[in-house]
Each structure stands twice: as C-alpha cells, then as structure tokens.
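Notes follow the structure.
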Amino acid sequence: MKHDVAARIAKALAEEARARGIEGELPAPSIDRTKKAEHGDFATNVAMAVAKRFSVKPQELAAALKARLEGDPTFARVEVAGPGFLNLKLAPAAFHRALAQVLEAGPLFGRAPAASRERVNLEFVSANPTGPMHLAHGRGAVVGDVVGRLLDATGHRVVREYYVNDAGNQIRLLTQSVLARIVDGYPTPQDGYGANAYVEQLGAHVNGRHPDLVARAPSEPLAFEQLSKRCVTYVLDGFPGFPGIRATLRALGVQFDVWSSEAALHADGRVERAIDALRDGGWLVERDGALQFETTRLGDDKDRVVFKTDGGHTYFASDIAYHKDKLDRGFDRLIDVWGADHHGYIPRVRAALTALGLPAERFEVILIQMVSLVKNGAPYRMGKRLGNFITIDEVLDEIDEASGRKGSGSDALRYYFTSRRSDAQLEIDVEIAKKQSLDNPVYYVQYGHARLCALLKKAEHECGIAPRAEPDLSPLQHPDELSLIAQLSAYPEALAEAAKLREPQKIVGYLTSLTQAFQSYYTRLKKENDTILPRSGERETGAWKTRDDGAYAAKVRARVAWVRAIRDVYGAGLALLGIAAPERMDRPAAAEGASPEATDDEAG
RNA sequence: GCGCCCGUAGCUCAGUUGGAUAGAGCGGCGGCCUUCUAAGCCGUUGGUCGGGCGUUCGAGUCGCCCCGGGCGCGCCA
C-alpha cells in the first residue's frame with residue numbers, strides 16, 4: 001500500500017520536474033502514515049524536501065503536485081497542509097486492493113523469505129551452568145529468541161547457539177561448593193556457591209549417583225574433573241527439585257540449535273591454535289609473567305591477558321577461539337546477546353578478530369540492560385550468596401497457577417521483556433512479576449485474537465461462510481474498517497524495521513495498536529447498532545442471506561474476510577514473539593465473580 | 001577521571017530512526033453488557049519530554065555543554 005502510494009507520488013514528481021525542465025536525480029519521497037485521521041491516510045514531505053531544487057516555495061510545489069495527484073483515482077482527497085505537506089486520503093478501492101494482498105498471503109503475510117539469506121549465528125543466554133536461571137537471565141533469553149524469530153521471518157538463516165562456559169573457575173567453585181556440602185572436612189571455597197537449597201539438592205543428587213567420584217574427587221584431579229562434568233550436566237538437564245536450564249528455557253519457549261562447549265575448544269586444540277595464530281601475527285607479548293594480547297594497537301583501552309601467571313587461560317582466550325570458530329563455520333554475521341555490564345568487552349573481541357585477519361564488521365552485539373528488582377518500592381538485591389534470587393521457574397509456575405493455564409507465565413514474561421527496548425534498564429517489582437497474572441497486558445492482545453477466532457468460528461459453523469472464501473471486498477466502507485486495513489498493510493514494514501534494528505518492542509507496539517483499533521471498532525459497531533455477523537436470530541433462520549437483496553450478506557462476507565486478515569496478521573505477530581495465540585479465552589473465575597462486595601471482602 | 005546506556009504522566013514504559021495537537025498500560029474519577037467474548041469499549045484526570053545552547057521550514061528524536069541515575073574501566077566471569 002505504501003509502496004503503491006510512493007510510486008504514484010514519485011511519478012507525479014517526475015512529471016512535474018519534466019514540465020519545469022528540471023534535470024537529474026530527485027530524492028526519493030518520504031511517505032509517512034498519518035497519526036490523525038483528519039490528515040488522511042498518508043502524508044509526504046516531498047514538496048518541502050525538493051522545493052529548493054525546483055527553486056519554488058514548498059507550498060507552491062505541493063499545490064502543483066496536488067493537481068497531478070488528483071487525477072489519480074487511487075486518491076480520494078489530496079490536500080496541501082502546513083508548510084507544504086501533502087495529505088492523501090485513499091479511495092476505498094485502494095484499501096480493498098491492499099486487503100486482498102493480505103488475504104492472499106494469509107499467515108505468511110509480511111515475511112520476506114527470499115531476502116538476504118544471510119547466515120546468522122545468534123548466541124544468547126550463555127549463562128554459566130552453575131545454577132538455575134534467574135529472572136534477569138530471562139530478558140536476554142527472550143530478546144535473543146525473538147530477534148532470532150525476526151531474522152528467520154525476514155529471510156535470514158539463523159543458528160541459535162548457547163555457549164556453555166564449562167571450563168573455568170566458576171565450574172570449579174561449583175564443584176567445590178558441592179563437595180563442601182557432602183564431604184566431611186572439605187573446605188568451603190572462597191567466593192563459592194553458598195549454603196542454599198540448590199547446592200544442597202545438587203550435592204545430595206551427586207552423592208547418591210556418583211559416590212565413587214565424590215570419594216575420590218578431593219584427592220584425585222581426574223575424578224574432580226569428571227565430577228565437575230557431572231555437575232554441569234545436572235545443572236543443564238536438571239535433578240530432583242530443579243528442572244535444569246534446558247527445561248527452563250523450553251518452558252520459556254526458547255530453543256537452541258547448538259550447545260557449544262568451552263571445554264571442547266580447549267580439548268581439541270582450537271584455543272591453542274587461535275593463540276598460536278595471534279603469536280604468529282606478532283600480537284602477543286610476555287609481560288609480568290603473563291601472556292598478553294596487545295589489543296591497544298586495535299583501539300582497546302589496555303592490553304588483555306590471555307594466559308595468566310599461573311599458566312591458566314582467561315575466558316578471553318576461550319572467547320577468541322570461540323568467535324574465530326564461529327566465523328570459521330561460515331557465518332556471514334555473528335550476533336552476541338550480552339548483559340550490558342559486558343559492554344567493555346566488545347573492543348577486545350573485535351580486536352581479536354581483526355588481529356586474526358577475520359572480518360570484525362560481521363560481529364555485532366545486542367546489549368541487554370540490567371533488570372533491577374524492587375519489592376514494595378525498595379531495591380531487592382539478588383545474589384548467589386544471599387540465596388534469594390528469583391528463578392524463572394518460580395515466576396512461570398506462579399503465573400501458570402494463578403491463571404490456570406500452562407504457558408501463561410511464559411506469555412506474560414515474554415510480553416514483559418519484549419515490550420521494552422533492551423538497551424533501557426528495567427525495573428521489576430517482584431510482587432507484581434509474580435502476581436500480575438490477571439492484569440498482565442499480554443492478555444489484552446491474546447483476548448483480541450481469541451475474539452477474532454470466535455467470530456471466524458461462528459461465521460463458518462453458523463453462517464456457512466467458508467474459511468477461505470474470497471468475497472468481493474467492496475462492501476467494506478466503514479472508516480474503521482478501512483483504517484484497519486491500512487494498519488494491516490503496515491505490518492511488513494514493522495517486521496522489517498524490527499528485524500533490521502533487532503528491536504522486538506516494535507512488534508509489540510504494532511500488535512497493541514492493532515488490538516486497540518479492532519477492539520474499539522468492535523464496540524463502536526455495536527453502539528452503531530450493527531454487528532460483524534448477523535445476530536443469533538437471523539443466523540438461525542438464515543434470513544440474513546436475503547436481506548436487502550443480498551447486499552447485507554455481501555457485507556457480512558466481506559467483513560468476515562477482513563476479520564480473517566486481521567486474525568492472520570495477529571497470529572503472525574504473536575508467533576514472532578513466541579506468545580500463544582489462543583482461539584478462545586474464557587474469563588477467569590476471579591474476574592467472573594468479581595463484584596464490589598467480593599472485592600471489598602478480599603481487601604478487608 | 002575515562003567510556004557505554006538511560007532520563008518522557010503519580011508508577012512501569014512506548015514514541016514509525018527529524019514531521020503536524022507527545023501515547024499505552026497500571027493507578028484516580030465517571031459512564032457502557034437483552035442476541036457476534038466486558039480479560040473489552042468510551043470519556044475524564046494527569047507532561048516546562050532532566051536543563052541550556054545550537055543545527056532548520058520543523059527537535060522527545062540530531063550536535064555540543066551541564067545535571068541526575070545505572071554499568072564498565074581485574075592475570076573474575
């Protein structure tokens with residue numbers, strides 16, 4: 001629809017230029033959808049943008065263009081406004097054409113499967129396998145997952161990857177913490193994972209399953225290593241009392257294609273080879289007994305240690321190998337989703353790729369800002385040692401239970417995390433996060449979808465309108481119906497924009513506004529004493545089919561197709577967000593029974 | 001001190017990458033269910049878009065300078 005309008009404006013502009021003898025390239029006109037109905041459907045600033053080239057006043061040029069555009073039946077009204085805007089109101093037929101396009105594409109509308117075919121490696125979450133995922137991890141998980149869906153939908157080939165840090169200090173500390181719980185006299189490690197239910201349960205489980213390893217681990221390094229591996233496995237796969245990271249992610253609707261292991265990078269020599277390559281390139285220096293990579297030569301603040309004085313590697317050493325490995329696997333683009341507290345890390349990874357002769361410009365980072373928790377207005381600090389972190393499992397379970405539907409918690413959390421820009425800090429009240437089950441805005445969007453589905457079901461079963469009917473659309477004349485079509489036609493633009501900028505909240509915003517428009521129309525129509533479908537009495541007798549010589553039936557059929565288009569776009573949008581699109585939603589019992597008295601009782 | 005992010009309604013946040021009278025949810029107040037789902041709709045309340053200067057037809061959006069908050073500046077991850 002927008003392209004169509006843009007092409008017509010460009011044509012009028014070109015004609016005007018020719019008439020005035022203006023030579024050369026003209027800037028592409030910028031076409032905007034208007035916010036106000038009185039401004040028509042589209043507006044363009046083209047007259048203001050090119051007035052200088054034409055050596056005339058913007059308003060004069062706008063008037064000339066208006067004269068040309070008025071000859072085009074696509075436009076019902078063309079007006080010059082303000083300093084030289086052209087406000088365009090489209091004829092109904094233009095809306096009907098746009099709707100036909102949506103209907104033809106159906107649920108695939110807006111997708112661009114043949115776009116770039118860029119091969120993208122999307123690495124996200126990558127939380128250390130040392131404990132359950134807590135709420136803050138969820139933000140990166142959801143944003144990463146949705147960015148993956150956005151890229152899928154816009155023609156990229158995405159591999160979702162979880163980098164398991166199974167080779168470092170933190171794993172050793174976890175294993176030591178576990179041993180301290182179950183082996184008499186085993187020292188509690190400094191900065192370890194304290195006395196909480198998680199370590200307790202993990203210890204009990206490990207002790208029951210691998211008594212031999214537990215016995216030997218304190219004195220035999222090999223046994224310790226094997227025990228560490230077991231611990232990582234249990235953290236990922238779960239053990240009694242805790243579902244494990246994989247299951248938590250699954251419950252959140254997050255899937256991964258590849259789980260790559262840091263330990264494996266070391267085991268098969270990829271780290272060594274990457275470091276050797278840096279050495280061969282002359283990037284490494286021995287300093288203070290450690291091996292340093294001179295990243296300052298590539299714009300970093302200071303040189304970075306890759307091998308420590310004690311001979312151990314830093315995580316940076318692994319990361320060099322890991323990112324090199326990802327590029328070696330042939331990806332056109334690497335997208336890492338990181339917590340914003342790691343932002344200082346970007347220059348050194350980029351430096352590493354450059355030093356290795358790899359295309360660093362393919363490396364991109366999405367920073368996820370902190371999630372800070374408050375409880376009753378006061379900061380709520382979470383910490384491993386405090387043992388009071390709110391796990392994702394906990395939040396999911398509570399919301400599922402309160403709403404009586406499995407998956408409800410995932411929907412609520414996904415909505416919450418995707419409705420905000422990821423580069424802005426986010427404050428969550430832990431009480432609201434857990435109890436906000438029934439007034440979460442996600443239900444608003446889902447309810448809209450359920451209403452559309454209910455209409456379509458009734459249309460099929462009680463009016464005999466085929467689900468894939470392709471009726472004449474010209475009876476659609478209600479201003480709300482037409483402006484909703486304009487909104488539908490904007491969906492591909494919203495999707496493309498969201499994918500390009502890696503900003504899921506654009507989709508949430510789009511869906512919210514679409515829902516609003518439909519819900520508002522739905523109620524307004526009733527006030528106008530009209531309905532989308534025939535009322536129940538007429539449905540039963542079939543009288544609606546012949547009313548007004550069939551004109552009414554034609555309108556009903558057109559409206560049902562229109563509803564189907566909205567439903568399809570809706571469903572597509574929700575799928576992008578990984579939020580369920582329920583076909584029916586019944587009022588929850590709490591809301592059903594809500595009366596002033598009942599509310600007072602609860603409050604008192 | 002240096003670097004990155006943020007500052008928009010009482011609270012949590014959007015704002016189509018420079019457009020017209022800045023929006024939503026929650027909260028407050030007042031209305032709307034006899035037949036398509038009231039988890040809804042309508043109205044109302046609420047703003048010097050942190051402050052200043054600049055760029056131009058036009059700034060919440062871009063530039064510079066302040067103020068305020070968060071994060072980073074480890075041979076931790």
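By convention in this document, chain letters (A, B, ...) are assigned in the order of the sequence lines, proteins followed by strands, and residues within each chain are numbered from 1.
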Return the 5'-most residue of the pair Ser419(A), Thr515(A) with respect to RNA chain B, ranking by each residue's nearest nucleotide. Ser419(A)
Base, sugar-phosphate or nothing for Ser520(A)? Non-hydrogen atoms, less than 4.0 Å. sugar-phosphate
Pairwise 5' ranking along RNA chain B for Lys308(A) and Ala340(A), keeping only the more 5' one: Ala340(A)
Out of G70(B), U37(B), C76(B), whichever nucleotide has its closest atom nearest the side chain of Gln170(A): C76(B)
Among G15(B), G40(B), C5(B), find the nucleotide with the atom closest to the side chain of Asp423(A). C5(B)
Which nucleotide sits closest to the side chain of Gln516(A): U16(B), G69(B), A24(B)? A24(B)
Tell me which nucleotide among A20(B), A14(B), U17(B) gets nearest to the side chain of Leu501(A). U17(B)
Is there a stack between Tyr444(A) and G25(B), judged by ring centres under 5.5 Å and planes under 30°? no
Contact class for Gln425(A) (heavy atom, under 4.0 Å): base, sugar-phosphate, or nothing? base
Using the six-membered base ring of A20(B), report whether His39(A) stacks on it, requiring centroids under 5.5 Å and planes under 30° apart. yes
Would Arg33(A) and Glu493(A) pass as an ion pair if we require N to O under 4.0 Å? yes
Does the ring of Phe307(A) lie flat against the base of C75(B), closer than 5.5 Å centre to centre with planes under 30°? no
With ring centroids as reference points, do Tyr162(A) and Phe124(A) lie under 6.0 angstrom apart? no
Remember a base hit wins even if backbone is also touched, and classify Ala43(A) as base, sugar-phosphate or nothing at under 4.0 Å, heavy atoms. base
From the candidates G40(B), U37(B), C6(B), the one with an atom nearest any side-chain atom of Arg584(A) is U37(B)
Have a look at Gln190(A) and say if it touches a base, only the backbone sugar-phosphate, or nothing, with a 4.0 Å heavy-atom cut-off. nothing
Between Asp411(A) and Gln446(A), does any side-chain donor sit less than 3.5 Å from a side-chain acceptor? yes
What about Tyr521(A) and His478(A), are their ring centers closer than 6.0 Å? yes
Which of parallel (below 30°), tilted (30 to 60°) and perpendicular (above 60°) describes Phe518(A) and Trp562(A)? tilted
Any Gln505(A) side-chain nitrogen or oxygen under 4.0 Å from OP1 or OP2 of G15(B): yes
Between Lys458(A) and U37(B), is there a contact of a side-chain N or O with OP1 or OP2 at under 4.0 Å? yes
I want to verify a distance call: between G19(B), A24(B), C76(B), whose nearest atom is closest to the Asn45(A) side chain? G19(B)
The side chain of Arg420(A) is closest to which nucleotide in this list: U12(B), U35(B), C71(B)? U12(B)
So, does Lys526(A) get its side chain near the phosphate of C32(B), meaning an N or O under 4.0 Å from OP1 or OP2? no
